[in-house]
Visitor: 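Let me begin by handing over the structure; questions about it come next.
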2 protein chains.
Amino acid sequence: MQIDLDILFTWGAIAKVYKKNETIFFEEEMANFYYQIIEGSVRMFNSNDEGKEFTQGYFSNGQSFGEPPLFIDEVYPSTAIVCQESKIIKLSKDKFLKIIDEYPQIQRKFLKTLAIRINSKAKTAKDIINQKPEFRIISFLNSIKKNSDPLQKELVPFTRQEIANFTGLRVETVIRVFSKMNECKKVDIIKHKIYY
Amino acid sequence: MQIDLDILFTWGAIAKVYKKNETIFFEEEMANFYYQIIEGSVRMFNSNDEGKEFTQGYFSNGQSFGEPPLFIDEVYPSTAIVCQESKIIKLSKDKFLKIIDEYPQIQRKFLKTLAIRINSKAKTAKDIINQKPEFRIISFLNSIKKNSDPLQKELVPFTRQEIANFTGLRVETVIRVFSKMNECKKVDIIKHKIYY
DNA sequence: CGGTTCCTTGAGGATGATCAACGAGGGTGG
DNA sequence: CCACCCTCGTTGATCATCCTCAAGGAACCG
């Protein structure tokens with residue numbers, strides 16, 4: 001989902017540049033701003049006591065993130081950091097909610113956005129419960145694959161650690177599963193790069 | 001979220017009685033109706049090849065369910081069945097979307113509802129990844145507990161199997177965890193009933 | 001009181017996590 | 001061009017844990 005930049009700036013939004021690995025907001029922090037990425041990418045994740053991380057989602061150019069808590073006066077369920085230097089628009093919660101009220105089409109688009117996210121979270125939950133590391137990894141690969149043709153393999157633009165964080169597995173497990181999948185021709189691995 | 005019954009009936013909704021364990025819609029089925037429970041309760045879940053189930057959510061009196069796919073022309077990510085004889089309102093997708101357009105306050109409420117669900121799904125995902133059966137179970141117990149006072153224990157109205165389905169664990173594991181939690185006084189078990 | 005559903009326990013096994021160590025690649029500065 | 005560093009990938013051994021399977025007990029309901 002993205003709101004037109006003209007509208008955002010008219011309502012007093014500011015653009016801020018975040019350095020690589022800078023945190024935008026923390027888990028449990030009250031939600032006070034609407035964020036929309038002009039350029040760059042953002043990762044939302046949770047980490048547990050032992051430092052193990054779980055990635056809730058990646059967001060990039062043009063996308064907004066962290067909006068749900070704004071609608072319900074809640075805290076953020078996850079932490080958000082930028083993966084690379086990023087330019088991000090920031091608008092106060094009040095103004096954001098006013099925009100929503102003012103422009104019904106925008107509200108409608110948010111409804112769609114949230115519906116999409118619920119669907120994808122439902123899918124993720126289902127696949128994670130399903131145990132079986134290979135199953136989890138395949139469903140992650142499917143979720144990021146652009147074309148759906150199994151014959152036309154594309155580069156998987158994630159490190160094994162990142163995939164581990166997405167699937168809730170450990171790096172070593174991810175590596176071993178990929179080795180097996182390579183043997184079974186389910187993926188190609190060329191120079192350590194994964195193609196699916 | 002619930003829409004006023006007068007409005008629903010005015011727009012041609014009908015109420016239908018479902019028998020216990022009857023299926024309302026299946027996973028992967030196209031979403032064509034809006035459903036709202038007048039009386040009864042509904043469970044949405046996925047099951048994998050080996051018959052292991054994962055419960056995505058329970059819904060009861062007054063609540064609507066299965067709306068997200070309506071907004072985005074999608075199929076249902078899970079199956080919905082009634083847990084007990086239930087009276088449920090059914091309205092066609094077209095009419096539902098018209099109501100949404102017609103009444104901005106209703107649209108706004110749906111935005112809130114979806115935001116709440118995203119938050120709770122994010123939490124669930126986080127807790128499930130966190131491994132540790134006891135941790136998963138406690139977070140499930142917290143999510144259903146009415147009062148938040150740990151001293152004032154209340155009956156947990158779910159069977160061990162149901163809790164297993166919610167947490168993605170096996171019955172035996174759930175039972176063993178509860179036995180331990182009983183010893184540590186984290187829960188009370190009286191006549192096999194669990195109090196938390 | 002018979003049947004059904006739910007709960008319980010034990011033994012055994014599979015599997016993913018953990019720990020530790022090393023290899024490969026890419027980029028940077030001398 | 002080489003040396004160094006840093007991140008990422010890889011491998012093997014060991015361990016803890018949850019699942020599986022099997023069998024039996026308890027509660028509840030008509």
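So you know, we letter chains A, B, ... as the sequences are listed, proteins then strands, and number each from 1.
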Visitor: Going by an N to O cut-off under 4.0 Å, is there a salt bridge joining B:Asp101 and A:Arg108?
Guide: yes

Visitor: Side chain of B:Ser179 only, heavy atoms from C-beta on: which candidate in C:dT9, D:dC8, C:dC6 is closest?
Guide: C:dT9

Visitor: Toward the 5' end of DNA chain C, which comes first, A:Pro133 or A:His192, by nearest nucleotide?
Guide: A:Pro133

Visitor: Using whole Å, what does the distance between atom P of nucleotide C:dG16 and atom NZ of A:Lys180 come to?
Guide: 7 Å

Visitor: Would you mind reading off the distance between A:Ile194 atom CD1 and D:dC8 atom P, rounded to a whole angstrom?
Guide: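 The distance from CD1 of A:Ile194 to P of D:dC8 comes to 13 Å, rounded to the nearest Å.
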
Visitor: Looking at A:Arg43 and A:Glu162, is any side-chain nitrogen of the basic one under 4.0 Å from a carboxylate oxygen of the acidic one?
Guide: no

Visitor: Can you check the B:Lys193 NZ to D:dA26 C1' distance for me, whole Å?
Guide: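 Spelled out: NZ on B:Lys193 to C1' on D:dA26 is 11 Å.
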
Visitor: Looking only at side chains, do A:Gln2 and A:Ser64 share a donor and an acceptor under 3.5 Å apart?
Guide: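 Result is no, nothing qualifies.
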
Visitor: Go along nucleotides 19-24 of chain D 5' to 3' and tag each nucleotide: B for a protein heavy atom under 4.0 Å from its base, S when only backbone or sugar atoms are that close, - otherwise.
Guide: SBBB--

Visitor: Could you give the CZ-to-P distance, from A:Phe178 to D:dC8, as a whole number of Å?
Guide: 16 Å

Visitor: Whole Å only: how far is the CD1 atom of B:Ile190 from the P atom of D:dA26?
Guide: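 Atom CD1 in B:Ile190 sits about 19 Å away from atom P in D:dA26.
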
Visitor: Side chain of A:Ile175 only, heavy atoms from C-beta on: which candidate in D:dC18, D:dT10, D:dC28 is closest?
Guide: D:dT10

Visitor: In whole Å, what is the span from the CD1 atom of A:Ile129 to the P atom of D:dC18?
Guide: 14 Å

Visitor: Could you give the CD1-to-P distance, from A:Ile163 to C:dG16, as a whole number of Å?
Guide: 17 Å

Visitor: Using only heavy-atom distances, determine whether the side chains of A:Lys121 and A:Gln56 contain a donor-acceptor pair under 3.5 Å.
Guide: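 Yes.
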
Visitor: Only one of A:Thr124, A:Asp127, A:Thr167 clears side chain to side chain donor-acceptor pair (under 3.5 Å) with A:Ser139; which?
Guide: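 Only match with A:Ser139 under side chain to side chain donor-acceptor pair (under 3.5 Å): A:Asp127.
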
Visitor: When you match A:Lys191 and B:Glu162 each to their closest nucleotide on DNA chain C, which lands nearer the 5' end?
Guide: B:Glu162

Visitor: Salt bridge check, B:Asp188 against B:Lys193: does any charged N sit closer than 4.0 Å to a carboxylate O?
Guide: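 Salt bridge: no.
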
Visitor: Under a 3.5 Å cutoff, is there a donor and acceptor pairing between the side chains of A:Asn46 and A:Glu53?
Guide: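 The answer is no; no qualifying pair exists.
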
Visitor: In whole Å, what is the span from the CZ atom of B:Phe135 to the P atom of D:dT17?
Guide: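 Checked: the CZ to P distance equals 17 Å.
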
